[in-house]
Amino acid sequence: MNEFVLNHPLITHKLAILRDVNTGTKEFRELVTEISTILMYEAMRDAKLEETTIETPLEKMDTGMLNEDHYAVVPILRAGMGMVDGILNVIPNAKIGHIGLYRNEETFQPVEYYYKMPEGIANREVLVVDPMLATGGSASATISRLKLDGVKKIKLLCIVAAPQGIKTIEEEHPDVEIFCATVDRELNDNAYILPGLGDAGDRVYGTK
Ligand code: PRP
Ligand code: URA
């Protein structure tokens, strides 16, 4: 099992507000940011630190620091952009790549329309972010595209995952760890997550 689920009563509380159809755009964005920050802390639990010496006001100390330059965040447009501020709260110097995908409404297959990565992407650890993992098609296509560019270490951060999406990633990319805030029940006939939160892109951008 390559998946980690945030199990915490306060996450359930935040998700309840996020899911609620009456929650407005501002609060929705703020909660996506907050939950993304917490997901990022979990995703970085295995981070390698470089040894360094610092000076406190009282004495010298040997400690460890992160090489932030080693990381890239790749939001899946559009909704993934909503998570970027939350990730950058943790690693402000991470480079950002973008991939644009939309789901064909009949086949649910992802269609790529944009791809731009930072220099040296193959040597960075990449955090792919998207609030929704439904069929898993968009995330899997993103990971495959990054692997074509030579990326070796990839983590997937999402807020709401469906069992089908997790299965897709585990089968197609067993090397990729998934960090999510919750795993919901199932997909409906339109491949929307139930109970879910609706269309994440529309809710982040207020487009519907
Ligand atoms: C949503 C979501 C994911 C994708 C998940 O994006 O943000 O990218 O669907 O579905 P999947 O796991 O079945 O691929 P959407 O295609 O609605 O585009 P948008 O972010 O531009 O609204
Ligand atoms: N994309 C969304 O935005 N929401 C879903 O429930 C499924 C895919």
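All figures in this text were calculated on a predicted structure; none of them were measured in a lab. Index from 1, following the sequence. Counting convention: from 1, in listed order, for ligands and their atoms alike.
- Minimum heavy-atom separation, A72 to R124: CB-CD, 3.8 Å.
- Considering backbone and side-chain atoms alike, G201 places every N or O at 3.5 Å or more from each N or O of ligand 1.
- Cation-pi check for R145 over Y115 is met; the charged atom lies under 6.0 angstrom from the ring centroid and within 45 degrees of its normal.
- Residue A200 has no nitrogen or oxygen atom sitting less than 3.5 Å from a nitrogen or oxygen atom of ligand 1, judged on distance alone.
- No part of A79 comes within 4.0 Å of ligand 2, judged by heavy-atom distances.
- Side-chain contact of S144 with H173: a donor-acceptor pair under 3.5 Å is present, judged by distance alone.
- Residue contacts with ligand 2 leave out P131, since none of its heavy atoms falls under 4.0 Å from the ligand.
- The nearest heavy-atom contact from the protein to atom 3 (O) of ligand 2 is A200 N, 2.8 Å.
- Here atom 4 (C) of ligand 1 lies nearest to S138 when heavy atoms of G137, S138, C158 are compared.
- The shortest heavy-atom contact between D20 and R203 is O-NH2, 2.7 Å.
- With a 4.0 Å cut-off on non-hydrogen atoms, A134 touches ligand 2 through its side chain and not its backbone.
- Nearest to atom 2 (C) of ligand 1 by heavy atom, out of L133, T135, D130, T142, is D130.
- For the ligand labelled ligand 1, residue G136 lies inside the 4.0 Å heavy-atom shell.
- Side chains of Q164 and T135: a donor-acceptor N/O pair is absent below 3.5 angstrom, by distance only.
- Salt-bridge annotation for K155 and D175: absent, with no side-chain N of the basic residue lying under 4.0 Å from a carboxylate O of the acidic one.
- Distances between N or O atoms of I193 and those of ligand 2 include at least one value under 3.5 Å.
- Salt bridge present: R45 and E42 bring a charged side-chain N and a carboxylate O closer than 4.0 Å.
- Using a distance-only test at 3.5 Å, with no hydrogens or angles considered, no donor-acceptor pair links the side chain of K116 to the main chain of Y114.
- Near A191, meaning under 4.0 Å from any of its heavy atoms, are these atoms of ligand 2: 7 (C).
- The closest approach between any non-hydrogen atom of R203 and ligand 2 is not below 4.0 Å.
- Counting only distance, with no hydrogens or angles, the side chain of N2 and the backbone of P174 share a donor-acceptor pair below 3.5 Å.
- Counting only N and O atoms by type, the side chains of H70 and K48 include no donor and acceptor under 3.5 Å apart.
- Protein heavy atoms all stay at least 4.0 Å away from atom 6 (O) of ligand 1.
- Residue Y102 places a heavy atom less than 4.0 Å from ligand 1.
- In this structure, the protein non-hydrogen atom closest to atom 5 (C) of ligand 2 is Y192 CD2, 3.4 Å.
- Between G198 and ligand 2, at least one N/O pair is under 3.5 Å apart.
- The closest protein non-hydrogen atom to atom 18 (O) of ligand 1 is L101 O, 4.1 Å.
- Evaluated by nearest non-hydrogen atom to atom 10 (O) of ligand 1, the leading choice among M132, R103, R78 is R103.
- The main-chain N or O of T207 is never found under 3.5 Å from a side-chain atom of D202 such that the two would form a donor-acceptor pair.
- Scanning the protein heavy atoms around atom 17 (O) of ligand 1, the nearest turns out to be D199 OD2, 4.0 Å.
- With salt bridges taken as basic N to acidic carboxylate O contacts below 4.0 Å, none links D130 and R78.
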